[in-house]
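See structure below.
Chain identifiers are assigned alphabetically (A, B, ...) following the order of the sequence lines, protein sequences preceding nucleic acid strands; residue numbering begins at 1 within each chain. FYI, side chains are in, hydrogens and waters are out, and symmetry mates aren't considered; it's all heavy atoms of this structure.
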Amino acid sequence: MDYTAVIGLEVHTQLSTESKIFCSCSAGFGAEVNANTCPVCLGMPGMLPVLNKEVVSRGIKLGLAVGSSIARTSIFARKNYFYPDLPKGYQISQYELPICEGGGLEITLSDGSRKRIALTRIHMEEDAGKLIHGQNLGHPDSSYVDLNRTGVPLLEIVSEPELRSSEEAKLYLEKLKTILEYLGVSDCNMEEGSLRCDANVSVMPKGSDTFGTRAEVKNMNSFRYLQKAIDYEIERQIALIEEGGVVVQESRLYNPDRNVTISMRSKEEAHDYRYFPDPDLVTLEVSDEWVEDVRNSLPELPDAKRTRFMERYSLPLYDADVLTKSRDVADYFEEALKTGGAPKTISNWIMGDILRIINERSLTPAQCPITPVMLGELVSLIENKTISGKIAKTVMEEMEKSGKNPKAIVEEKGLVQITDSSAIETEVDKIIDCNPGQVAAYKGGKEQLIGWFVGQVMKATRGKANPGVVNELLKEKLDKA
Amino acid sequence: MSLTEEDVRRVATLARLELSVEETQKFRGQLSSIIDYIGQLNELDTNDVEPTSHALDLKNAFREDVCERKFDKESWKSNAPQTGHGHFRVPRVIEE
């Protein structure tokens, strides 16, 4: 039988605020163990959490960016569970009346079509601490607790179960990450855990409209693992059903080393969170003015930027998509354009060499040794025929190594293109004279030999001859030879 | 409304309490009468009453996003029952 997968994602993103959500401890990553703690986030008796206003603003910001409705009245709840990563015995979260409801975002599928994925809600909550178990740190019978992360603000973004493959799930998460980065609400560093994802996965017979029982897959901290874990889980459920078994509703942990998901049932005994409104936190009321202030602070979002790039710079969808995936790359592109180079040529160089350089060296576009101005100048040199595209590659390598500007490199190394046809003609004549065998073969019908001749001329001129002129002259001369 | 012993055991588990058989029976009676007492509220018609989320009629208690160290970097240890390798140390929570 054929099956359809049904997937919904719950994404947690850590906000890059200065302080935690309910106390003034640093929300930064990488401090000494337990150094960023105080009685509030340690859950000491008598502590009183006070809400960080900036967290609310960022929640509103994300909500507006994805078209959610912003709740004018919102409350916090206690989610009760017993685990040492949470010293209070409950997590402060939102249950009824979250800050945002509804909204959605659009993904572009591999065939170029667009699909809108609806959101259920976005809510604010506090992060839990970090545990290290047994011999990984110390005694096999102990777990070790670092509470620096406890109380770091999170936004949880819950999608409707509208994703139908691991590929769609990956595209959705990528899009969400792009939006979060554009907004500057989170740094989305997956290695440091600032973007984490759980997936609700079920399968149903193709054509059915009744969802199967779902399992929740946890612990996928990279795009690759997200896809692999979902694919594994879909296969597991289909195999189970085909064998006559039933899927049970449970949490499963993804193990990337073995590429399997493992049931966590034994560890989670009777999930009963007993949510109730937290009496320590008063009702949150968001005024229209507040929402409008945040709306006015919104940057141009990826979809709008992509459309503008296509319309204003006549870029193909693919280019506009790649360039706008990161706000920094988009800014780099527009900065390079200021030098007057052709948008499509600049785009090609960014999608090729610039992205390769920054990915290989894990740099941000702003840290790239080739500045937007340098790239723009390089493109101008090609356009005014000072250098050929091939020489430009050499100049690019040199820019990457030395950080010198392209004009200086071209002058220093004598790379100026020979467009003077008499100079090229001399070389063409020489090649034709010295290679009578190839000339005869060419004339005998092996026309693809033209490439070989071009190569010889380019070699003789150390790549500086204008390839267009070379081609033209060669054809002309060979026909007469 | 009368609670079953199973209900009492479940509440005890969630609250991390270990109850003897006698205690379970004793609390079953006491908890049932508490729930019945609160249950009197169900006799009221609350259709037109907004649900209460907080006892105080206060709104919007905020702090600005300012990071401030109010306690010494080592102070977390002062109330820790057990520490090890610079962490809080607790009984192991997951098996191999």
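- Residue with the most contacts toward chain B among N34(A), N80(A), T17(A): N34(A) (heavy-atom pairs, distance under 4.5 Å).
- Contact annotation: the side chain of V56(A) approaches that of F62(B) to within less than 4.5 Å [non-hydrogen atoms, C-beta and beyond].
- Of the two parts of L281(A), only the backbone, made up of N, CA, C and O, holds a non-hydrogen atom closer than 4.5 Å to a non-hydrogen atom of chain B.
- A 4.5 Å side-chain heavy-atom check between L131(A) and F88(B) finds every atom pair outside the cut-off.
- For V66(B), the part lying near chain A is the backbone, with the side chain staying farther off; criterion is any non-hydrogen pair under 4.5 Å.
- F76(A) does not touch chain B: none of its heavy atoms, backbone or side chain, sits under 4.5 Å away.
- Of the two parts of E285(A), the backbone and the side chain both hold a non-hydrogen atom closer than 4.5 Å to a non-hydrogen atom of chain B.
- Interatomic distance, NE2 of H87(B) versus CG of L147(A), reported as 9.5 Å (0.5 Å rounding).
- Between the D65(B) side chain and the E18(A) main chain, a donor and an acceptor come within less than 3.5 Å of each other.
- A distance of 9.5 Å separates OG1 of T83(B) from OH of Y144(A), quoted to the nearest 0.5 Å.
- Remark: Y275(A) OH is packed, more than 12 non-hydrogen atoms of other residues, nucleotides or ligands lying under 6.0 Å away.
- For the set L137(A), V286(A), D146(A), the count of heavy-atom pairs under 4.5 angstrom toward chain B peaks at L137(A).
- For N52(A), the parts sitting under 4.5 Å from any heavy atom of chain B are the backbone and the side chain alike.
- Checking S142(A) against R89(B) by side-chain atom types alone, a donor-acceptor pair falls below 3.5 Å.
- Looking at L284(A), both its backbone and its side chain come within 4.5 Å of chain B, counting heavy atoms on both sides.
- Around the CD atom of Q30(B), the shell of radius 6.0 Å holds more than 12 heavy atoms that belong to other residues, nucleotides or ligands.
- Residues R69(B) and A35(A) share a closest heavy-atom pair of NH1-O, 2.8 Å.
- Other residues, nucleotides and ligands contribute more than 12 heavy atoms inside 6.0 Å of the CD atom of Q40(B).
- Heavy-atom neighbours of chain A within the stretch residues 75-82 of chain B, taken at a separation under 4.5 angstrom, comprise W76(B), N79(B).
- The candidate from E54(A), H133(A), K20(A), H139(A) with the greatest count of non-hydrogen atom pairs under 4.5 Å with chain B is H133(A).
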With a 3.5 Å cut-off and sequence neighbours excluded, list the donor-acceptor pairs that the side chains of residues 24-31 of chain A form with protein atoms.
{"unit_1": "S24(A)", "atom_1": "OG", "unit_2": "E68(B)", "atom_2": "O", "d": "3.3"}
{"unit_1": "S26(A)", "atom_1": "OG", "unit_2": "G28(A)", "atom_2": "N", "d": "3.0"}

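- Listed here is the closest heavy atom pair of R63(B) and I21(A): NH1-O, 3.7 Å.
- Heavy-atom distances place the backbone of D278(A), and not its side chain, under 4.5 Å from chain B.
- Residue V55(A) does not touch chain B at all, counting heavy-atom pairs closer than 4.5 Å.
- Taking 4.5 Å as the heavy-atom cut-off, the residues of residues 52-60 of chain B that approach chain A are S53(B), H54(B), L58(B), K59(B), N60(B), ordered by number.
- Taking the side chain as every heavy atom from C-beta outward, V93(B) and P84(A) approach each other to under 4.5 Å.
- Taking the ring pair (Phe, Tyr, Trp, His ring centres under 6.0 Å) definition, one finds that F276(A) meets it with nothing, sequence neighbours left out.
- Across all their heavy atoms, F71(B) and C38(A) have their closest contact at CD1-CB, 3.8 Å.
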